[in-house]
Amino acid sequence: MLMEIHVAHTQGFCAGVAYALNIVDLTLKKFGVPLYVRHEIVHNTSVIEDYKSQGVIFIDELDEVPDNSTVIFSAHGTAPHVFEEAKKRGLKYIDATCPLVTKVHRYADRFSQRNVQTVLIGHKGHQELIGTSGYVRQDLLHIVQNVSDVDNLNIDPQKPVGFLTQTTLSVQETGEIISKLREKYPHIEGASKADICYATTNRQNAVIELAKVCDIVIICGSPASSNSNRLRETAAKFDVPSYIIDFPNDFDISLLKGKKRVGVSSGASVPQKIVDGLILRIQDKYPNATVHQKDSVEKDIEFPLPKSLKEQCQTA
Ligand code: SF4
């Protein structure tokens with residue numbers, strides 16, 4: 001039986017991930033190691049292993065960073081008190097927060113300055129949500145993860161209310177949560193399409209296209225990667241067996257038995273070599289398998305490093 005491998009037209013590194021990795025690469029090139037990064041710069045095991053092999057040290061908290069060292073803050077965003085702590089200690093720090101996450105931080109800050117009760121939609125414990133929460137005044141903060149959390153919200157409907165979202169959520173589930181919020185608080189403020197970023201939306205749309213034509217979908221992505229997990233769930237909603245794998249060898253190739261069309265995609269922090277490795281692995285077992293992929297819808301999107309940040313990476 002001839003097998004077809006359908007690769008999502010839009011997958012792999014988004015502009016925000018490329019931006020953050022560019023910061024690490026420039027700083028490494030200029031200053032070498034030791035270089036500290038607070039939290040995984042992006043949630044991908046292969047990327048982290050590559051940097052570790054170059055001597056980059058990943059830490060959870062600033063007290064692990066020796067005095068006079070340089071530390072980079074991850075793409076997911078960092079709460080203001082951490083910047084304050086770094087300043088107090090006189091550490092040299094560089095902020096690699098994705099500009100789209102920074103935009104959400106600004107909205108959070110503005111809401112708090114205006115005393116707006118802020119409903120933050122996202123996954124508790126995820127670094128992005130923790131970072132964004134830091135920009136919301138704690139007496140105004142309400143975190144919701146699902147529709148039933150909205151039912152349990154106890155905000156005075158006379159008060160101004162706004163919502164913000166994590167950038168890497170499921171478009172569909174977030175839409176349901178926002179509809180519920182608008183029902184409960186008709187005057188609620190928030191972006192019409194939530195704060196889910198273009199990269200998350202494009203990758204979920206591309207996976208929906210795969211799920212409609214494939215008998216199995218494999219997502220390359222690490223367990224901690226929110227956007228990768230949402231891709232697997234998006235495919236699974238179409239009743240297609242869907243799997244997430246960190247490395248090509250993690251995939252149980254026997255699952256392809258009897259399958260004609262295999263869908264392959266990857267999260268926004270996954271290097272192309274992982275997807276290529278998976279395709280090679282499938283072709284090794286099924287040498288006649290053909291690869292099909294349409295053009296990406298993101299060819300021209302890039303977040304250039306601001307001049308000041310570029311200089312910082314070279315003078316940290
Ligand atoms: S997934 Fe979106 S928000 Fe996250 S780094 Fe990429 S572009 Fe930025």
Side-chain angles (χ1 to χ4, degrees), residues 8-25 37-48 51 58 72-79 94-108 120-123 125-135 163-175 190-191 193-208 219-234 244 265-272 274-275 296-306 309:
H9 54 72
T10 306
Q11 43 95 27
F13 282 177
C14 61
V17 164
Y19 174 94
L21 301 188
N22 197 1
I23 288 174
V24 179
D25 292 341
V37 178
R38 184 176 178 271
H39 298 148
E40 294 190 340
I41 183 76
V42 297
H43 286 150
N44 183 265
T45 313
S46 168
V47 170
I48 300 304
Y51 280 133
F58 291 90
I72 295 177
F73 294 144
S74 82
H76 309 99
T78 300
I94 303 171
D95 182 14
T97 305
C98 170
L100 299 184
V101 176
T102 302
K103 205 167 135 195
V104 181
H105 292 172
R106 286 202 198 107
Y107 280 117
L120 187 50
I121 306 170
H123 296 284
H126 188 277
Q127 287 309 330
E128 184 184 327
L129 195 89
I130 294 170
T132 304
S133 300
Y135 291 83
F163 72 83
L164 296 167
T165 75
Q166 198 177 317
T167 56
T168 51
L169 302 176
S170 151
V171 174
Q172 190 212 324
E173 276 173 29
T174 309
K193 288 189 182 164
D195 306 296
I196 296 173
C197 76
Y198 79 96
T200 301
T201 308
N202 289 341
R203 280 155 189 70
Q204 285 178 22
N205 287 342
V207 159
I208 290 171
I219 305 295
C220 301
S222 294
S225 164
S226 170
N227 80 88
S228 303
N229 282 296
R230 302 297 82 75
L231 292 180
R232 192 205 65 75
E233 290 166 10
T234 300
I244 184 163
S265 188
S266 66
S269 51
V270 179
Q272 185 61 39
I274 304 287
V275 174
S296 167
V297 299
E298 284 180 8
K299 274 189 292 194
D300 301 322
I301 301 180
E302 107 177 77
F303 299 159
L305 290 192
L309 197 52

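What you see below is based on every heavy atom in this structure, not just the backbone, and it leaves out hydrogens, waters and symmetry mates. First listed ligand is number 1; within each ligand, the first listed atom is number 1.
Looking only at atom types and distance, the side chain of Thr102 has no donor-acceptor partner in the side chain of Arg106 under 3.5 Å away. Side-chain atoms of Ser74 and Gln127 include no donor-acceptor pair closer than 3.5 Å.
Residue-ligand proximity, Gly16 to ligand 1, at heavy-atom distances under 4.0 Å covers atoms 5 (S), 7 (S), 8 (Fe). Taking a cut-off of under 4.0 Å to the non-hydrogen atoms of Tyr198, the atoms of ligand 1 that pass are 7 (S).
None of Ser226, Ser225, Ser228 except one satisfies the side chain to side chain donor-acceptor pair (under 3.5 Å) rule with Thr168; the exception is Ser226.
Considering only non-hydrogen protein atoms, atom 6 (Fe) of ligand 1 sits nearest to Cys14 SG, 2.2 Å. The protein atom (non-hydrogen) at minimum distance from atom 4 (Fe) of ligand 1 is Thr167 OG1, 4.0 Å.
The distance from atom 8 (Fe) of ligand 1 to the nearest N/O/S atom of Cys197 is not under 2.8 Å.
Of the candidates Cys98, Ala75, Ala96, Cys98 brings a heavy atom nearest to atom 8 (Fe) of ligand 1.
Annotation: the span from Asn44 atom CG to Phe13 atom CZ amounts to 7.0 Å, rounded to 0.5 Å.
Between Gln11 and Leu231, every side-chain heavy-atom pair lies at or beyond the 4.5 Å cut-off.
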